[in-house]
2 protein chains.
Amino acid sequence: MASDHTRSAILAAAERLYADRGFGDVTLRDIVAEANVNLAAVNYHFGSKDELIAELFVTRSIATNRERLRELKAAEEQGGGRAPIEVILHALVGPTLRGCLGPENQRSTAARFMIRASIESVPPIRRIKNREIDHLRKFAGAMRRSLPDRSDVEIYWGLNFALAMAHHTIRESERLTKLSDGKCDLDDVEDVVARVVSVATMALTAGRTEAKAPSRLAAR
Amino acid sequence: MASDHTRSAILAAAERLYADRGFGDVTLRDIVAEANVNLAAVNYHFGSKDELIAELFVTRSIATNRERLRELKAAEEQGGGRAPIEVILHALVGPTLRGCLGPENQRSTAARFMIRASIESVPPIRRIKNREIDHLRKFAGAMRRSLPDRSDVEIYWGLNFALAMAHHTIRESERLTKLSDGKCDLDDVEDVVARVVSVATMALTAGRTEAKAPSRLAAR
DNA sequence: GATAGTTTCATACAACTGTTTGAAATGCAA
DNA sequence: TTGCATTTCAAACAGTTGTATGAAACTATC
């Protein structure tokens with residue numbers, strides 16, 4: 001165990017570099033240079049490059065997921081096992097958006113790293129993301145309890161669209177800013193959260209009987 | 001000019017391999033083996049690996065964008081310069097979804113390639129995507145004409161959310177299928193399109209005066 | 001059918017990658 | 001201090017990558 005100093009220096013340097021330059025063109029040599037440690041240290045402490053990336057991503061994911069579940073649990077307890085759908089959705093997308101958006105200069109390295117992880121897709125991260133399903137199921141369950149008259153299909157689509165809006169907004173935040181000439185203020189995180197929650201709520205609660213049946217209607 | 005045979009053999013092989021295995025682990029040597037041409041042929045005909053990828057992606061993007069604009073133009077002409085918002089949104093997300101979803105076994109190589117391009121992010125493709133803004137502006141314009149009482153901000157957010165739902169559904173189609181135990185049928189493309197259009201329309205038309213002002217409302 | 005231009009080919013190149021090695025240094029307990 | 005385990009280090013390794021080269025094989029024109 002000893003010092004752990006090298007280990008955390010590597011983690012910090014790697015997170016910083018990946019956040020700034022992406023996974024694509026950051027090599028182990030870049031990382032150890034930034035961390036002022038020897039090249040072999042990475043393999044000694046982490047086993048491999050992929051395991052280093054994985055550890056980085058897992059740490060951050062766990063933090064976000066814990067935050068999500070904390071909000072969810074609090075809401076359900078307060079509502080006697082049933083939380084309003086807006087609050088559930090808020091717990092779902094809030095932590096991620098709050099972690100990844102906001103004024104750039106005060107955006108944490110962790111946040112910038114997570115944005116990278118959501119833009120660039122790299123094998124070790126993809127593997128971990130695939131295990132996120134169990135976590136999402138908990139939200140699906142809460143949503144079902146909140147909207148007992150909605151079918152499972154509608155619940156899952158609502159969940160999918162909520163995540164879609166949150167993640168896409170993060171991924172393409174730069175483009176949206178440019179496209180809208182800065183009119184869409186992505187630094188006002190709570191406004192973004194409110195927008196996503198609002199639309200997702202509509203998707204889940206609107207009396208949309210039409211989408212089930214005649215598919216081609218909207219095309220007309 | 002001559003035969004062009006080698007050139008198109010490379011393009012076809014590359015698209016197939018990238019679609020199947022992703023950009024990450026397909027090398028030029030894999031491509032030329034699949035195409036039955038010499039290794040040097042890629043650099044001779046395309047200049048570099050990146051230019052090959054770019055050409056592949058540009059070709060498919062242009063096709064999609066043309067399709068989008070064709071639908072949009074037709075709709076606006078029919079409506080005397082002003083199309084219903086649902087139809088505009090349909091023109092925006094329809095071609096992409098139609099190109100990338102649907103029964104897997106009848107999904108074209110081109111479609112699978114475009115899915116890859118949206119999942120794995122690779123430098124030459126990212127560069128091209130950044131130039132897509134002008135194209136999106138045309139849709140923003142049409143949406144503004146369709147909803148003259150909506151502010152620009154609302155238009156852009158609606159556009160953003162529509163693209164978000166479409167792209168995320170494509171990217172995470174596998175996960176959504178697994179999460180929903182197959183209850184969400186992603187092979188019924190027109191149903192998916194209808195869902196996206198329906199939610200995006202709600203986002204754009206609902207009397208949502210609240211999102212502008214008190215940000216923290218949804219959290220309660 | 002000679003010639004000029006294009007295209008193909010085998011091969012080599014140069015650079016970079018993550019990983020391993022084995023010895024040196026360090027820390028720590030007895 | 002001795003001895004043992006952990007940690008660091010420089011160096012090399014093995015593999016792969018995209019790209020360049022220069023000769024050979026074509027193709028078409030005159």
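Labels below follow one simple rule: chain letters A, B, ... track the order of the sequence lines, proteins then strands, and each chain is numbered from 1.
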Subject >> Under-4.0 Å side-chain N/O to phosphate OP1/OP2 contact, H5(A) with dT8(D) >> reply: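 It does not, given that no N or O in the side chain of H5(A) lies less than 4.0 Å from OP1 or OP2 of dT8(D).
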Original post:
When you check the phosphate oxygens OP1 and OP2 of dT8(D), does a side-chain N or O of T6(A) lie under 4.0 Å from one of them?
Top reply: yes
Which residues pass the side-chain contact (heavy atoms from CB on, under 4.5 Å) test with [X], sequence neighbours left out?
X       : result
N130(B) : none
A142(A) : L72(A), E76(A), I88(A), R145(A)
A75(B)  : A83(B), V87(B)
E120(B) : R126(A), F23(B), R116(B)

Subject >> Neighbours of DNA chain C within residues 11-24 of chain A, by heavy-atom distance under 4.0 Å >> reply: none
**OP:** Could you pull out all residues at least two apart from F57(A) that satisfy ring pair (Phe, Tyr, Trp, His ring centres under 6.0 Å)?
**Re:**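 Here no residue qualifies.
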Subject >> Set of ring pair (Phe, Tyr, Trp, His ring centres under 6.0 Å) partners for H167(A), sequence neighbours left out >> reply: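 So H167(A) forms a ring pair (Phe, Tyr, Trp, His ring centres under 6.0 Å) with H168(B).
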Under 3.5 Å, which donor-acceptor pairs do the side chains of residues 25-36 of chain B form with other protein atoms, sequence neighbours left out?
{"from": "T27(B)", "atom 1": "OG1", "to": "R29(B)", "atom 2": "N", "distance (Å)": "3.2"}
{"from": "T27(B)", "atom 1": "OG1", "to": "D30(B)", "atom 2": "N", "distance (Å)": "3.2"}
{"from": "T27(B)", "atom 1": "OG1", "to": "D30(B)", "atom 2": "OD2", "distance (Å)": "3.4"}
{"from": "D30(B)", "atom 1": "OD2", "to": "R21(B)", "atom 2": "NH2", "distance (Å)": "3.0"}
{"from": "D30(B)", "atom 1": "OD2", "to": "T27(B)", "atom 2": "N", "distance (Å)": "3.0"}
{"from": "E34(B)", "atom 1": "OE2", "to": "R16(B)", "atom 2": "NH1", "distance (Å)": "2.7"}

**OP:** Just report the end-to-end axis angle for the helix from dG1(C)-dC30(D) to dA30(C)-dT1(D), five pairs per end, to 10 degrees.
**Re:** 0°
**OP:** For each nucleotide in nucleotides 12-21 of chain C, reading 5' to 3', give B when a protein heavy atom comes within less than 4.0 Å of its base, S when such contact involves only the sugar-phosphate, and - otherwise.
**Re:** B----BBBBB
**OP:** For residues 116-138 of chain A, pull every pair meeting ring-ring contact (aromatic ring centres under 6.0 Å, His included), keeping only residues two or more places apart or in separate chains.
**Re:**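 Qualifying pairs: H135(A)-F139(A).
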**OP:** Any salt bridge (Lys or Arg N to Asp or Glu O under 4.0 Å) involving residues 160-172 of chain B? Give me the pairs, sequence neighbours left out, ordered by first then second residue.
**Re:**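 Pairs touching residues 160-172 of chain B that pass the test: E172(B)-R175(B).
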